[in-house]
Amino acid sequence: MSLSIVILAAGKGTRMKSNLPKVLHKISGKAMLFHIIEESLKLTNEITIVLSHKFDLVKEQIEANYPNLKIVKQDLQNYPGTGGALKGLEFKSNKVLILNGDMPLVTANSLEKLTQSSADIAMTILELNNPTGYGRVVIKDGFAKEIVEEKDATTAQKAIKSVNAGVYCFNSDILNKFIPKLDNNNAQKEYYLTDTIKMAVDEGLKIEPIVVDEDEFMGVNSKVHLSIADEFMQNRIKQKHMENGVIMRNPKSIYIDCQANFIGECELENGVCIEGDCTIENSKIRAYSVIEDSQIKNCSIGPMAHIRPKSKLIDTHIGNFVEVKKSTLNGVKAGHLSYMGDSEIDEGTNIGAGVITCNYDGKNKYQTKIGKNVFVGSDSQLVAPVTLEDNTMVAAGSTVTDSVPSGALVISRVKQKIVNGFFNKFFKK
Ligand code: UD1
Ligand code: MG
């Protein structure tokens, strides 16, 4: 059986109240549309995405991430609606799966079940206590007979609680035959894909209604929906990592993007946030630390540390209120209140409290290189570009502007002066 997939993503997404096209809003660190593209790619490479609203922007984003998908533009002006989205397309595969770009929770597993139906059309049904807004599905003798959109429904039809989730698997000749015949003779003056159901029934074809769960097939139309879908996704992500051996303290308070990887034995305390493409191996991340697009191996981080993108930390201890950005730290201790940006720091080195790499002069960024066994005293500023060679010491409170040769101590602070009796003289006691 050959399969192609069409993802409908041309709608305006008005209820999202955002300038960003709805399908580009993120769930657990990835655009909703990309979640569904990735699940689709597990089933076939024959994927067409229908766009229209902010066409260029969405197309550019898709092509940057998935170069081999077919992208078409719907003529929303003349052919609005889910049926209009398919006008002009021709399907050569045996089956066509129709998906929505705003359904980020759907899994390939569930989609595969739809494709295995022996009926001419398999469609998804949600059983809802509150069916408002959805198309109602008339089911008789176990088969779907008709889908009635809410705006076209009679009072009796509105009471139906079996609703159309909006995902279908068609034998492609059915689409090729019926899409050109759709009209817009309805309350919304749209071309409804759902009208193909009645047309198929009239020709004696069978439509299998497959009941699906909201935690996979919910559509995201507003920012409230976005937060609900994200919570479903978070639970899924965290459960997977915990099953693979990650310890989480109060998992509800932890946020982990879908790209994160954990290896070996890791522990996350409450309030930890892991964003973007992170790999964390045999490490403990303490409460309220944020880690972004970084690699961490055999480390202890936090509490309240911020590891920013492109950092690579190995055998390192990072304490509270420490920020690291685009730096490689190997065998380092930075226990308190410091900033390491655009730096490379080697084994056995201790970064004292309040040490700052001054990596930015207001125009450009510069590198700080710190070798092995360096002791950087508290409250020092390392003005980049600067190198501290192996086995060097920086006296507390120094401003280091020139590189320090191996074995040396650098001290750059005003010599301490004692003025005896000054206090009493000054306050005339
Ligand atoms: C559609 C179904 C409805 C179902 C609901 C489930 C029709 C006529 N109705 O409702 O029975 O209960 O989905 O969510 O199909 N889209 C386009 N082009 C358009 C219009 C929509 O590509 O012209 C895309 C949207 O971007 C979205 C998807 O189709 O991804 C569904 O659109 P939406 O407007 O949410 O669905 P409804 O038409 O309200
Ligand atoms: Mg609509």
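Predicted model only: the values in this text are computed from it and were never measured. Order of listing sets the numbers, starting from 1, for every ligand and every atom in it.
Only side-chain heavy atoms of Glu149 come within less than 4.0 Å of ligand 1; its backbone N, CA, C and O stay farther off. Contacts with ligand 1 closer than 4.0 Å are made by no heavy atom of Ser52, backbone or side chain. Residue-level proximity to ligand 1 for Ala9 is carried by the backbone, the only part with a heavy atom below 4.0 angstrom. Residue contacts with ligand 1 for Val50 are absent, since no atom lies close enough (heavy atoms, distance under 4.0 Å).
Within 6.0 Å of NZ on Lys87 lie more than 12 heavy atoms contributed by other residues, nucleotides or ligands.
Geometrically, ligand 1 and Ala10 share a nitrogen or oxygen pair separated by less than 3.5 Å. For a threshold of 3.5 Å applied to N or O pairs, the pair formed by Tyr79 and ligand 1 contains no separation below that value. On a distance-only criterion, Gly81 and ligand 1 share at least one N/O pair closer than 3.5 Å.
The backbone N or O of Asp102 lies less than 3.5 Å from no partner atom in the side chain of Asn100, so there is not a single donor-acceptor pair. A donor-acceptor pair under 3.5 Å is absent between the side-chain atoms of Ser294 and the main chain of Ile291, judged by distance alone. Between the side chain of Asp390 and the main chain of Val374, no donor-acceptor pair closer than 3.5 Å is present. Under a 3.5 Å cut-off, the side chain of Glu265 and the backbone N or O of Gly245 do not form any donor-acceptor pair.
In this structure, of Leu182, Asn221, Thr196, Asn100, the residue bringing a heavy atom nearest to atom 31 (C) of ligand 1 is Asn100.
Here the closest heavy-atom approach between residue Ile301 and residue Cys299 is recorded as CD1-CB, 3.9 Å. Residue Pro104 comes nearest to His35 through the heavy atom pair O-CB, 3.5 Å, listed as atom of the first residue, atom of the second, then distance.
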Go through it in stages, so that I can follow the logic: the residues are Glu63 and Lys59, the test is salt bridge (charged side-chain N to carboxylate O under 4.0 Å, His left out), and I'd like the CA-CA distance, side-chain angles, deciding distance and then a yes or no. CA-CA 6 Å; Glu63 285 174 344; Lys59 180 171 185 272; 3.3 Å; yes

Are Phe170 and Phe178 close enough, and set up right, to give a ring-ring contact (aromatic ring centres under 6.0 Å, His included), and what steps lead you there? CA-CA 11 Å; Phe170 284 88; Phe178 293 137; 9.0 Å; no

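Here is the list of ligand 1 atoms found below 4.0 Å of a heavy atom in Thr194: 7 (C), 8 (C), 9 (N), 11 (O), 15 (O). Atoms of ligand 1 lying under 4.0 Å from at least one heavy atom of Gln74, given by number and element, are 17 (C), 18 (N), 19 (C), 22 (O), 23 (O). Close approach of ligand 1 to Tyr192 is summarised as follows: ligand atoms under 4.0 Å from at least one heavy atom of the residue are 8 (C). Applying the 4.0 Å criterion to heavy atoms of Gly135 picks out, from ligand 1, the atoms 3 (C), 4 (C), 11 (O), 12 (O). Against a heavy-atom cut-off of under 4.0 Å, Leu76 is close to the following atoms of ligand 1: 23 (O). Residue Pro80 has at least one heavy-atom neighbour below 4.0 Å for each of these atoms of ligand 1: 23 (O).
Take Lys177 and apply the salt bridge (charged side-chain N to carboxylate O under 4.0 Å, His left out) test, not counting sequence neighbours, and it matches Glu203.
Using a 4.0 Å heavy-atom cutoff, Gly101 is listed among the residues neighbouring ligand 1.
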